[in-house]
Protein chains: 2
Amino acid sequence: MTDMSTRPASPTLDEVAVLAGVSRATVSRVINDSPRVSPEAREAVQAAVAELRYVPNRMARSLVTRRTDTIALVLNEPNTQVFSDPFFASIVRGLSATLADTDLNLVLLTARDEREQEKVGRYARQGHVDGVILMSLHSQDPLPDILAVAGVPLVLCGRPFDGREVAYVDADNSGGAVVATEHLLGTGRRRIATVTGPLDMIAGVDRYAGWRQALTAAGVEPDPALVAEGDFTEAGGRRAMEELLARAPDLDGVFVASDPMAAGALRALRAAGRRVPEDVAVVGFDDAAVAETTDPPLTTVAQPLADMTPLLTELLMRQIDGVAGPAESRICQTHLVRRASA
Amino acid sequence: MTDMSTRPASPTLDEVAVLAGVSRATVSRVINDSPRVSPEAREAVQAAVAELRYVPNRMARSLVTRRTDTIALVLNEPNTQVFSDPFFASIVRGLSATLADTDLNLVLLTARDEREQEKVGRYARQGHVDGVILMSLHSQDPLPDILAVAGVPLVLCGRPFDGREVAYVDADNSGGAVVATEHLLGTGRRRIATVTGPLDMIAGVDRYAGWRQALTAAGVEPDPALVAEGDFTEAGGRRAMEELLARAPDLDGVFVASDPMAAGALRALRAAGRRVPEDVAVVGFDDAAVAETTDPPLTTVAQPLADMTPLLTELLMRQIDGVAGPAESRICQTHLVRRASA
DNA sequence: GTGAAAGCGCTAACAA
DNA sequence: TTGTTAGCGCTTTCAC
């Protein structure tokens, strides 16, 4: 077991400076794309950098600039199953795509219990990241407070449950549900059920609220028998739909609060011998805005992910740069997508 | 738009020292749990730390210690769908559980294309992390070379395709497949099929090899008609099983290379009117080693995740501490689990 | 356009 | 046990 603790010491700025025949300051200027460098000096430095395979030491740089050029996406969720949530995957993909052209790095942090939340909080406060995008899917979450106290720039992905003063970006969930329900109403349906999301998630609550709102506005009294709570999964959607069919066999339409659940609901409907959409019309809410979901409902409300991810980083950067107003937030419009086969 | 770029300047070690009436060095010692501090000094410092809400500046510390106390789990995978892979989720969960008791942080990095791989490589080389655990599920991956050249400690999660000199931890995939196939052989079956994983993933290749090996050892010639390639998903497993049933209706057993695929295979078998296990016996390979999978096969080979995650961090830490032999690797034993209903 | 010099906040000898 | 001192590698005034 030889002692290998002597890792190939990476070259420093000084060594580059010596090799290039200039001062440290000049090398630094070249590294940082300062315009105040002569072409000759620039070339000499670049050659030296290439020869030495020089990579700036981030710690040294961050110590003085107070920037790490990395932001964290924190996933605050006790359930490991979130990873399989298409919405989560889409956000990750969208964020890294947004940052691909920049020199910002994205790291994912997970926090499954209070200890891990503390750890994430510490990580952020210690200065590892410039800011945090937080996805906390369920109601209670201490992280916003931890980070706020520490003054770490923060944007929530999803409207917070309490009306707290914090920046966030969310889709217009209730608006989307209203549109979906109005679409069903517009085809003459009146016994419109809903398979809700989990009611301890804001997206579940808001979509349910939208369903109620649209019905009420149309003079239809929301019937508790027409409401079944799902869990955003296909299996849960199927179960909820079966429940609804047992409780209210006369339903003629259903707004399903997520696309996987809609796929499950469709299976339940077909298993029960109901025809779709002739007999029962289905509108789903597509978190991932993916067209090629397995067994999709005929019409869906698309989550505006393409709008959300750039906004998340933009709002965060504004805070980091210190040019953000208090708790600047945004709601992105959702829109109905009618499938060809509808 | 007021200028808020003046974030609440966090207190420094000096301020703590002044408040506690000691020197910086003493504060540093207390922070780092040095035993060479008097109880009184320790208390005074701790009080000051609490009062000032002092949090050490990681950049300054790392600059001198050359440690960041964070390791990265890099997910090198073009397909976003990996997130829904139970194996991946289990590894993440296992790693953060392993690190929960330590002061090491875990960050997830994703790399979907060459640009993102470069970015991840840069991130690591710049010194943001002490080491990298790399999950590269498909064959070609430039990251090991990038990191190796830069001297960044690296452990692969999964045996590399080429026989390269690099540390890795993997399950005994071929051994597990052998055990599974032998189990089927032991019940007197001879027409044993297999639903393989993707053959551009090492786990797929190794499990397929184990199936061949067990058959050959038992004097049974592997029949190409009894092989169908799946993609580790339930839908893929169902498709592959249907293919097998069409091609070789006389099969009397099947080794399915993942649990989700096994669930799909079971559905295909039932849809075809086959009885399980009387008619066709099924053994699945359970990557997540989760007992409560939907619709599980009767008998499974369990992936030894509980062994793998501690080993991954252990091997990585040994490299970081410079006490690792060249490319130290480990294979973890898999084992057959017979379900009660079997 | 370039260099000299002063730190950023911390740790780690080395003295005391 | 404690304090003093010298950096870690970089950016950034400020002179030149």
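In what follows, chains carry the letters A, B, and so on, assigned in the order in which the sequence lines appear, proteins first and then strands, with residues in each chain numbered from 1.
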- Item | Gap between atoms CG and P, on A:Asn57 and D:dT11 respectively (whole Å) | 10 Å
- Answer yes or no: is there an ion pair linking B:Asp321 with B:Arg67, defined by an N-O contact shorter than 4.0 Å? yes
- First encountered from the 5' end of DNA chain C, between A:Thr26 and B:Val55: A:Thr26
- Message: Please check: side-chain N/O of B:Asp170 versus main-chain N/O of B:Ile331, any donor-acceptor pairing under 3.5 Å?
- Response: no
- Query: Looking at the side chain of A:Arg66, which of C:dC10, C:dG9, D:dT11 is the nearest nucleotide?
  - Reply: C:dG9
- Message: Closest approach to the side chain of A:Val64, judged atom by atom: which nucleotide of C:dA4, C:dT11, D:dG9 is it?
- Response: D:dG9
- Cationic N near anionic O, under 4.0 Å, B:Asp113 to B:Arg115: no
- Message: With a cut-off of less than 4.0 Å, is there a side-chain N or O of B:Asn32 near OP1 or OP2 of C:dT11?
- Response: yes
- Hey, what do you get for CE (B:Met308) to CZ (B:Phe87), rounding to the nearest 0.5 Å? 4.5 Å
- Query: For A:Leu99 and A:Leu106, which heavy atoms make the closest approach, and how far apart are they?
  - Reply: CD1-CB, 3.8 Å
- Using a cut-off of less than 4.0 Å, is there contact between a side-chain N or O of B:Thr12 and OP1 or OP2 of C:dG9? no
- Query: So, is B:Ser28 near the phosphate of C:dT11, with a side-chain N or O under 4.0 Å from OP1 or OP2?
  - Reply: yes
- Message: Distance check needed: D:dG3 P versus B:Asp14 CG, whole Å only.
- Response: 13 Å
- Message: Please list, in numerical order, the residues of residues 35-45 of chain B that have a heavy atom closer than 4.0 Å to any atom of DNA chain D.
- Response: B:Arg36, B:Val37, B:Ser38, B:Ala41
- On DNA chain D, nearest-nucleotide positions of A:Arg29 versus A:Arg24: which is more 5'? A:Arg24
- Query: Side chains of B:Pro144 and B:Leu134: does their closest heavy-atom pair fall under 4.5 Å?
  - Reply: yes
- Integer-rounded Å distance: C:dG9 C1' and A:Arg67 CZ: 19 Å
- Item | Rounded distance in Å - CE (A:Met59) to C1' (D:dG7) | 18 Å
- Flag the pair B:Asp307 / B:Arg330 as yes when at least one side-chain heavy-atom distance between them is below 4.5 Å, and no otherwise. no
- Whole-Å gap separating C1' (D:dT11) and CG (A:Leu63): 10 Å
- How close or far is atom P of D:dC10 from atom CG of A:Asp69, stated in whole angstroms? 15 Å
- Query: Between D:dC10, C:dG3, D:dG3, which nucleotide has the shortest distance from any of its atoms to the side chain of A:Leu13?
  - Reply: D:dC10
